[in-house]
Amino acid sequence: MKTFGILGYPLAHTYSPDYYNGRFRHLSIEAEYLKFELENISDFPILLSGYPDLCGFNVTIPHKQHILPYLDAVSEEAQAIGAVNCVRIERRNGHPYLTGYNTDSDGFRNALLAFIPAGITHALILGNGGAAKAIRHVLHTLHIASSTVSRTPQESGQIGYSEVAAHLSTHYLIINTTPLGTYPNIQSCPPIPYQLLTTDHYLFDLVYNPSVTTFMQRGAKAGAHTCNGYAMLLGQAEKNWEIWGL
C-alpha cells in the first residue's frame, strides 16, 4: 500500500489525515496518510527508513526549513521561497530520491485573491517561519509590499510587535503565519493592537483549526474582515495531489 503523511510537531490540530484518507476511500485508492510527529528533524532518516512504501509527505511547523538538508532536489519556487511543505519520493536504484516543493504558495495565492479587494498595496506578516516565507513570496508576485512582524526583529524589513500600531494606517492586510490560536491552545493570539483595526482591514489567519480563531474574533469585533486558512489548505492539497501523481 502506498503511504503518505505529514511531518511536523505537534500535530494534534491537523485535518490532513482526515482529508486525504477520506479522499483515498472515496476514489478507491489503495493508500494511507499518516501523522509523522517528529520533534527533532535529526530523527528524519530513521523515520524514512522505517517506511519503505512512503511516496510523499507534507511538512508543517517547525520543519519547513529544517527538511531542506535532507532533500535531493528542490523545485525552483521552493528554492526562491526557502521553505518546503511538500515532498515527493521516487525510488532510484533502490534508494529514495526526495524532491521538495512549496504548495503553500499556490493555496495562499488563490485563497487571498478570493478574500481581499483590489487596491491593497501593503501587508503585515505576523511571524517569520517557513510559512511566512511562502506568504512573502506570493505577496511580492502580487505587487503587495510587506513588512514582517517578529518577536525578535533582526533582518531588514522586520519590525517588532510594539511597532505595529504605527503601520495600521497604511497596511490594511494582516496575515497571521504563527501557530498562535491553533487547537488546543485556542485562546492565544498575536499581540497586535486590535482596538485600532477598522473596516478597512483584512485579517487572514493561516490557522484553520479552530475555524474562527481568537485573532479573527478580535479583528471582527473591531470591524475588520476575516478569513481562516481552510481554503488555503484545500488549495495546497490539490497541488500536493498533482505532485504525488494521484
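Keep in mind that the numbers below use all heavy atoms, side chains included, and drop hydrogens, waters and symmetry copies. Keep in mind the model is a prediction, meaning the values are calculated, not measured.
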### Task
May I have the step-by-step check of side chain to side chain contact (heavy atoms under 4.5 Å, CB included) for R23 and L246, ending in yes or no?
CA-CA 11 Å; R23 193 165 178 180; L246 293 167; over 6 Å; no

### Query
For the residue pair Y20 and W241, does the interplanar ring angle fall in the parallel (under 30°), tilted (30 to 60°) or perpendicular (over 60°) class?
parallel

### Query
Which word best sums up how the rings of Y230 and Y15 line up, parallel for under 30°, tilted for 30 to 60°, or perpendicular for over 60°?
perpendicular

Hey, are the side chains of [X] and [Y] touching, using non-hydrogen atoms and a 4.5 Å cut-off?
X	Y	answer
P153	N128	no
T213	M216	yes
Y194	K221	no
Y70	I41	yes

### Message
Between F57 and Y51, is the ring centroid distance below 6.0 Å?
### Response
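Between F57 and Y51, the centre distance exceeds or equals 6.0 Å.
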
### Query
Partners of S188 by side-chain hydrogen bond (donor to acceptor under 3.5 Å, both in side chains), sequence neighbours excluded?
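In terms of side-chain hydrogen bond (donor to acceptor under 3.5 Å, both in side chains), with neighbours along the sequence ignored, S188 is linked to no residue.
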
### Message
Salt bridge check, E37 against K35: does any charged N sit closer than 4.0 Å to a carboxylate O?
### Response
no

Does a sphere of radius 6.0 Å around [atom1] in [X] hold more than 12 heavy atoms from other residues, nucleotides or ligands, not counting ones at 6.0 Å or beyond?
X	atom1	answer
E30	CD	no
R151	CZ	no
Y183	OH	no

### Sequence-distant partners of F115, ring-ring contact (aromatic ring centres under 6.0 Å, His included), two or more places apart
Y202

### Listed partners of Y9 passing ring-ring contact (aromatic ring centres under 6.0 Å, His included), at least two apart
none

### Exercise: identify the closest heavy-atom pair between L68 and G82
CD1-O, 3.7 Å

Sequence neighbours left out, cut at 3.5 Å: what donor-acceptor pairs do the side chains of residues 170-177 make with other protein atoms?
residue: T170; atom: OG1; partner: H167; partner atom: O; Å: 3.2
residue: H171; atom: ND1; partner: H167; partner atom: O; Å: 3.2
residue: Y172; atom: OH; partner: S169; partner atom: O; Å: 2.8
residue: N176; atom: OD1; partner: T178; partner atom: N; Å: 3.0
residue: N176; atom: OD1; partner: T178; partner atom: OG1; Å: 2.7
residue: N176; atom: ND2; partner: D205; partner atom: OD1; Å: 2.9
residue: T177; atom: OG1; partner: L126; partner atom: O; Å: 2.7

For residues [X] and [Y]: do they belong to one hydrophobic cluster (side chain heavy atoms under 4.5 Å, members Ile, Leu, Val, Met, Phe, Trp, Tyr)?
X	Y	answer
V59	Y97	no
I243	L54	no
I144	L124	no
Y208	L206	no

### Task
Under 4.5 Å between side-chain heavy atoms, chaining through other members, with only Ile, Leu, Val, Met, Phe, Trp and Tyr counted: pull out the rest of the cluster around I81, sorted by chain and number.
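ILVMFWY cluster around I81 holds nothing else.
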
### Task
Would you please say whether a donor-acceptor pair under 3.5 Å links the side chains of N240 and T103?
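Indeed, the side chains of N240 and T103 share at least one donor-acceptor pair under 3.5 Å.
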
Side chains of residues 104-112: which donor-acceptor pairs under 3.5 Å do they make with residues two or more places apart or in other chains?
residue: D104; atom: OD1; partner: N85; partner atom: ND2; Å: 3.2
residue: D104; atom: OD2; partner: K64; partner atom: NZ; Å: 2.6
residue: S105; atom: OG; partner: E77; partner atom: OE1; Å: 3.2
residue: S105; atom: OG; partner: E77; partner atom: OE2; Å: 3.4
residue: S105; atom: OG; partner: N102; partner atom: O; Å: 3.1
residue: N110; atom: ND2; partner: D106; partner atom: O; Å: 3.4

